[in-house]
Amino acid sequence: MPELPEVEIIARQLREEVVGRRITQARVLWDRAVQGMEARAFEADVAERAIIGVGRRAKYLLLTLGAADGVAATDDSAPAAGSAMPTDLAANVTDATNDADERVLIIHRRMSGNVILVGPDELAAGAEAFDPYTRVDFTLDDGWHLVFSDPRKFGRVALITPDALPAYFAAIGPEPLEAAFTAEALSARLANRRGPIKATLLDQSVIAGLGNIYADEALFRARIHPLRPANSLTPDELRALRDGIQGALETGVAHGGVTFGRHRDIHNEAGTNLAHVEAYQRTGQPCLRCGAPIRRIVVGQRGTHYCPECQRLP
DNA sequence: CTATAAACCTGCTGGC
DNA sequence: TGCCAGCAGGTTTATA
C-alpha cells in the first residue's frame with residue numbers, strides 16, 4: 001500500500017503533531033510485528049522515551065527517541081518539513097550529547113499498515129475497539145495514542161540504536177527525490193541489470209521508495225515499455241525516466257498519497273491522488289495522451305499497467 | 001551477483 | 001444471495 005509518498009505524508013504530519021511528546025507506554029498486540037527483538041523487550045525499551053525527531057528513509061518511517069531518563073535530548077537538528085532524509089538522522093547521531101541512550105523507532109507499513117493518531121475520547125473503549133487490526137499501541141503523555149494498524153500483518157516495527165542506522169539501510173538504494181539522483185546516477189544503478197525495467201524499479205537496492213503504483217506511473221510518464229531490459233535505455237530515456245520518477249512521486253506527495261486501498265494519513269483520512277494516477281489500475285480505459293486502451297500484463301509477479309501505443313518495445 | 005518464485009497474512013472483489 | 005478463486009500498493013528467503 002504505502003510507497004514513498006504515502007510514507008512521506010505520514011512523516012510530515014507526525015513531525016508537526018508528535019515531536020516533543022513522550023511515549024509513556026508501548027503495547028504490542030501481535031508479537032511478530034516486532035522485528036529483531038522480543039515484543040516485551042521492545043515495550044520496555046520504548047517506554048518513557050520522548051519523540052525528538054521524525055524522518056523517512058525509503059518506505060521506512062523513523063522516529064528518533066530520546067533517553068528514557070525523562071530528560072529529552074535537545075533537538076537542535078530537528079528536520080525541516082520536507083527534508084526528512086538520512087542526513088538529518090546523521091546530524092542527530094553526531095550532534096546529540098547522549099546518542100548511546102537514544103533509539104530509532106522504525107516502522108514499515110508494508111502492504112496494509114497505517115499509523116494513526118487517535119484522541120483519548122476515540123480510544124476510550126481501547127485500541128482494539130477503535131481498530132481491530134491494531135498491532136502496536138503507543139500511549140503519549142498528552143493522552144493521545146499512536147496506533148499502528150495492519151490487517152495483513154506484514155508491517156513491522158523495530159528499535160535500534162542510532163549507530164546501527166547505516167547497517168540497517170546498507171542494502172537500500174538512493175533517495176529518488178534528492179538532487180544527487182541524476183540521469184547519470186540512474187544509469188549507473190541500471191548498468192548491470194538485464195531484467196525488465198519495471199521489476200528493476202521495484203528493487204529497493206537499486207532505487208529507494210518506488211512501489212507498484214509509482215513504478216507504473218514513472219514508466220508511463222517516460223513512455224518506456226515495462227519489459228525493456230533495464231540496461232538498454234538510451235540517454236534520452238534515462239533522463240525521461242528520472243523526470244518521470246520524480247514527477248510521479250512529487251505528484252503523489254502533493255496530493256496526500258493514493259486514495260484507493262487502505263492508505264490513510266495519521267488522521268485516518270484518505271489521500272486525493274486517485275485523480276492524478278495516469279496508468280495504474282486504468283486497464284481498458286483510454287490513455288490520457290493518445291486514447292489507446294491501457295493494457296495490463298504481469299511483470300515480476302506484479303500487475304503492470306501501460307499504454308501499448310505510447311510505451312513501445314523497439 | 002542477478003533473477004525468478006514462493007512465502008508471509010487477511011480482506012475484498014468479481015464471477016458463477 | 002452465497003461461495004470461492006483470485007488479487008492486493010512490500011519485503012524476505014530460497015532456488016536457479
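Keep in mind that this is a model prediction, so the values were computed, not measured. Heavy-atom basis, side chains included; hydrogens, waters and symmetry copies ignored. So you know, we letter chains A, B, ... as the sequences are listed, proteins then strands, and number each from 1.
Taking the 5.5 Å centre cut-off and the 30° plane limit, the aromatic side chain of A:Phe154 is classed as stacked on B:dC8.
Residue A:Arg110 contributes atom CZ, which lies 12 Å from atom C1' of B:dA7 at whole-angstrom precision. Residue A:Ile207 contributes atom CD1, which lies 16 Å from atom C1' of C:dG10 at whole-angstrom precision.
Residue pairs meeting the ring-ring contact (aromatic ring centres under 6.0 Å, His included) criterion with at least one member in residues 223-248 of chain A, sequence neighbours excluded, are A:His225-A:Tyr306. Pairs engaging residues 265-275 of chain A under the salt bridge (charged side-chain N to carboxylate O under 4.0 Å, His left out) rule: none recorded [sequence neighbours left out]. Listed by first and then second residue, the salt bridge (charged side-chain N to carboxylate O under 4.0 Å, His left out) pairs involving residues 237-255 of chain A are A:Arg228-A:Glu237, A:Asp236-A:Arg239 (not counting sequence neighbours). The list of salt bridge (charged side-chain N to carboxylate O under 4.0 Å, His left out) pairs with a residue in residues 280-291 of chain A, not counting sequence neighbours, is empty. Counting only residues at least two apart or on different chains, the ring-ring contact (aromatic ring centres under 6.0 Å, His included) pairs with a member in residues 161-216 of chain A are A:Tyr60-A:Tyr168, A:Tyr60-A:Phe169. Within the structure, side chain to side chain donor-acceptor pair (under 3.5 Å) pairs that include any residue of residues 120-133 of chain A comprise A:Arg27-A:Glu128, A:Asp131-A:Ser149 (at least two apart or interchain).
Checked against side chain to side chain donor-acceptor pair (under 3.5 Å), A:Glu309 has the following partners two or more places apart in sequence or in another chain: A:Arg312. In terms of the side chain to side chain donor-acceptor pair (under 3.5 Å) criterion, residue partners of A:Arg49 (sequence neighbours excluded) are, by chain and number, A:Asp45.
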Distances for protein N/O vs nucleotides 2-6 of chain B N/O pairs under 3.5 angstrom?
unit_1	atom_1	unit_2	atom_2	d
B:dA3	OP1	A:Arg194	N	2.6
B:dA3	OP1	A:Gly195	N	2.6
B:dA3	OP2	A:Arg193	NH1	2.7
B:dA5	N7	A:Gln301	NE2	3.1
B:dA6	N7	A:Gln301	OE1	3.1

Polar atom pairs (N or O), protein with nucleotides 10-12 of chain B, under 3.5 Å:
unit_1	atom_1	unit_2	atom_2	d
B:dT10	OP1	A:Lys153	NZ	3.0
B:dG11	OP1	A:Tyr133	OH	3.0
B:dG11	O4'	A:Arg262	NH2	3.0

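Under the 4.5 angstrom side-chain criterion for Ile, Leu, Val, Met, Phe, Trp and Tyr, the cluster partners of A:Ile116 are A:Val118, A:Leu123, A:Phe130, A:Val147.
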Problem - Bracket notation of DNA chain B in which parentheses pair within the strand, [ ] cross earlier pairs, and | pairs with another strand (Watson-Crick or G-U, under 3.5 Å) - result: .|||||||.|||||||

